[in-house]
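Okay, so here's the structure we're looking at.
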Amino acid sequence: MEPTNQKFLERVVSQKALQMGSSFPCQICVVGFLCGVCLTSLFLAVLTSVGTFGFTGISFSSLSMGNSPLNSSSEIINVITSSDYQSKVKETARWVDSKGREPESDDDERVSLLTEAWGALLADREPEESEFSKRFGLSKSSLPNTPHLENCKLSAQVNKRLDTRSGAGRFPPWTTWKGSLNMYPATETDENLRSFKDQPVFDGAYPPWIVGSDEENYPLTRKVQSDIWIHQHLVNCHDPNIKFLVADWEKLPGFGIGAQLAGMAGLLAIAINEQRVLVTGYFNRADHDGCKASRGSWSCYFFLETSQECRDRAFELITNKEAWEKGTIKGKDSYKSKEIWTAKVPRVWGDPWSYLQPTTDINGSLIAVHHKMDRRWWRAQAVRYLMRFQTEYTCGLLNVARHAAFGKEAAKMVLASIDRDWPKVITNQPKSEIEEFVWSNHRPWVPRPLLSMHVRMGDKACEMKVVKFEEYMELAHRIQMHFPHLKNVWLSTEMQEVIDKTRSYPHWNFYYTNVTRQVGNVSMATYEASLGRKTSTNYPLVNFLMAVESDFFIGALGSTWCFLIDGMRNTGGKVMAGYLSVNKDRFW
């Protein structure tokens, strides 16, 4: 009964309210109220605009009354809501700032400043402190750490220590103490530690330029590299029983760096088979102003193949007629061309090439057995030894290349981790020992995973099957299907059309050196001559070394350059990364 009475009362009240709302006096009150609201809002808007914007932010048409009070009130609500929203945006912006973020334009300015400041330190002539401060408004010491750059001077010092016998012919400190830790000062005062470091190499130690375990490299890589170093770095180079092979690098027109390396690998094989110390001579590609003190020498780019003592002794014997007659010294002319290019692979270590892991993919299948497996294994060992340590000059070239490619990304990462007010607020903290002696051994940062791709076209068609860039990208997509986070490609090619085609792949990040490339089909010799000796040597070596350090590699085994990159990767801990090739070696 109560629900029925309640509904009846609700109907009565509703009818009375409707009658009151329909009455003329009530309508007048409502309209008057709404008009008052409109006028008040308009007055407040004008007042605010005068005080803050000087009338520049007002749109009078948006405040027009319209045809009915309902439309008018609706527009006023929108204006008020918009004003309230702007207030909330300002509050939100202040909150975001308090969390350590800045407006995007300020971030861009800081990124540009840091990137340019880092880059200035890589110039051929590093600016003086006063010049640097005037240009950037910063001191050099105020710059944060550069994760993508290597301390080339320190690296060269460490590597020289690891590549040189110490007093009394003692072995270099090839112990489990890595890199800069061998220079840790506390070990010089501790008698036990100093004694341990000065001991000859022990069983199980291996050259520090080899990365990874035996399973991650070609068979016996660590032992072979150690044995080659011992063969080339004798305790007494003046021993009358020591024999030498002195040879310049190949310099015939049209021979690329890959061919020069392949030729020197053959000469190293001959030297080992004949128990000679290989001593390299003139390297034409280093005959430019960039090499300065080591002009015309392999030592401009990499550590020499033997000790300075053995080099001095070999060049002393060159002028000795009797030494030539006795065979104590030989030169490249002592051998036929075929003996060099198809040199017998040393059998000192048995036949480890017979059990190479099948990690090379061609046309979707792994290649387990092929012709010239011994040559593939040996060239990898020889080139790894010849390129075991980079010089300060080569390290600098890589720094410049990494900064040009990844500098801005590195700056963004660093700025996200330091004080948001940098460079206004700078906190300089001295390096701790772990930073100086442990973390300094880490390789420079690059965006990973990184795929290296060498696209060889042009005049190479006379030696191998040449394929289009699209086929290389199909292989890249195959890798990406298994590793979906892969999107970065270090691209090396001599063809401008390849660079142009990268625009068709917007979902990939392509990095490449800034160098003039071929337009049309000209010989490699003509193209290199147009670049000049310095550029035509430096940029291929940078691409080569970036390919060696990348996580994946796509190339053409028919190209000697790709063949050698593959060998360097397979003696650098990259065997299990595999290798996707668009063709097979022409000798297989």
Side-chain angles (χ1 to χ4, degrees), residues 254-259 261 285 362 397-398 400-402 404-406 446-447 450-480 486-532 534-566 568-569 579-586:
F255 273 57
I257 305 176
L261 283 167
R285 290 181 173 274
I362 300 177
L397 294 177
L398 286 166
V400 171
R402 279 192 299 266
F406 317 128
V446 298
L450 182 64
L451 164 65
S452 175
M453 183 184 296
H454 182 67
V455 181
R456 187 69 167 92
M457 299 172 74
D459 64 344
K460 201 65 177 178
C462 63
E463 299 179 10
M464 70 174 197
K465 175 187 175 184
V466 172
V467 302
K468 296 180 179 180
F469 178 60
E470 289 78 2
E471 293 189 38
Y472 286 84
M473 289 306 299
E474 287 177 9
L475 295 181
H477 183 65
R478 276 183 54 194
I479 300 176
Q480 191 182 53
L486 172 65
K487 62 178 181 178
N488 302 306
V489 178
W490 183 274
L491 179 61
S492 61
T493 181
E494 76 280 8
M495 305 301 296
Q496 183 58 41
E497 67 174 275
V498 173
I499 301 298
D500 294 339
K501 286 182 178 181
T502 59
R503 300 189 186 98
S504 301
Y505 302 90
H507 300 299
W508 290 86
N509 299 326
F510 291 93
Y511 305 94
Y512 41 84
T513 51
N514 182 20
V515 65
T516 302
R517 288 178 167 79
Q518 290 186 38
V519 177
N521 193 9
V522 298
S523 69
M524 181 58 72
T526 302
Y527 170 60
E528 288 190 337
S530 70
L531 295 177
K534 182 178 178 181
T535 301
S536 66
T537 303
N538 290 356
Y539 101 86
L541 285 175
V542 166
N543 284 329
F544 186 96
L545 295 171
M546 286 300 298
V548 172
E549 292 293 327
S550 295
D551 299 288
F552 303 100
F553 181 62
I554 295 175
L557 276 171
S559 161
T560 302
W561 195 241
C562 291
F563 192 97
L564 298 179
I565 289 174
D566 177 53
M568 280 286 282
R569 290 174 59 80
Y579 175 22
L580 277 71
S581 178
V582 296
N583 62 19
K584 64 179 182 178
D585 178 67
R586 57 187 179 276

| field | Residue list, salt bridge (Lys or Arg N to Asp or Glu O under 4.0 Å) with Arg285, at least two apart or on another chain | value | Glu528

| Separation between NE2 of His477 and CD of Glu470, rounded to the nearest 0.5 Å | 14.5 Å

| Looking at Ile257 and Ser536, what are the two nearest heavy atoms and their distance? | CD1-O, 4.5 Å

| Minimum side-chain heavy-atom gap Leu580-Ile479 below 4.5 Å | yes

| field | Min side-chain heavy-atom separation Leu450-Met546 under 4.5 Å | value | yes

| query | Is any side-chain heavy atom of Arg569 less than 4.5 Å from a side-chain heavy atom of Tyr579? | reply | no

| said: To check you understand the geometry: which heavy-atom pair defines the closest contact between Gly258 and Thr560, and what is its length? | reply: O-CG2, 3.7 Å

| Shortest non-hydrogen contact from Val467 to Tyr472? | CG2-CE1, 3.4 Å

| Taking C-beta and beyond as the side chain, do Asn543 and His454 meet within less than 4.5 Å on heavy atoms? | no

| said: If we ignore hydrogens and angles and just use 3.5 Å, is the side chain of Ser581 paired with the main-chain N or O of Leu557 as donor and acceptor? | reply: yes

| Met495 to Gly520 - nearest heavy-atom pair and separation | CE-O, 3.4 Å

| field | Check against side-chain contact (heavy atoms from CB on, under 4.5 Å), Phe469 and Leu491 | value | CA-CA 11 Å; Phe469 178 60; Leu491 179 61; 4.2 Å; yes

| query | Looking at CG of Leu545 and OG of Ser452, how far apart are the two atoms once the value is rounded to the nearest 0.5 Å? | reply | 10.5 Å

| note | Rounded to the nearest 0.5 Å, the OG1 atom of Thr502 sits from the CG atom of Asp500 at a distance of 7.0 Å

| note | Rounded to the nearest 0.5 Å, the CD1 atom of Ile554 sits from the CG atom of Leu475 at a distance of 5.0 Å

| field | Check: Val455 main-chain N/O paired with Thr493 side-chain donor or acceptor under 3.5 Å | value | yes

| Does a side-chain heavy-atom distance below 4.5 Å link Met568 with Ile565? | no

| query | Are there more than 12 heavy atoms of other residues, nucleotides or ligands under 6.0 Å from atom NZ of Lys501? | reply | yes

Please report, to 0.1 Å, the donor-acceptor pairs under 3.5 Å made by any side chain of residues 507-515, with sequence neighbours excluded.
unit_1: Asn509; atom_1: ND2; unit_2: Asn488; atom_2: OD1; d: 3.0
unit_1: Tyr511; atom_1: OH; unit_2: Glu409; atom_2: OE2; d: 2.7
unit_1: Thr513; atom_1: OG1; unit_2: Arg517; atom_2: NH2; d: 3.4

| So, the side chain of Asn583 versus the backbone of Gly558: is there a donor-acceptor pair under 3.5 Å, distance only? | yes

| field | Leu531 side chain reached by Tyr539 side chain, heavy atoms, under 4.5 Å | value | yes

| field | Minimum side-chain heavy-atom gap Pro540-Trp561 below 4.5 Å | value | yes

| Is there a donor-acceptor pair under 3.5 Å between the side chain of Glu494 and the backbone N or O of Gln518? | no

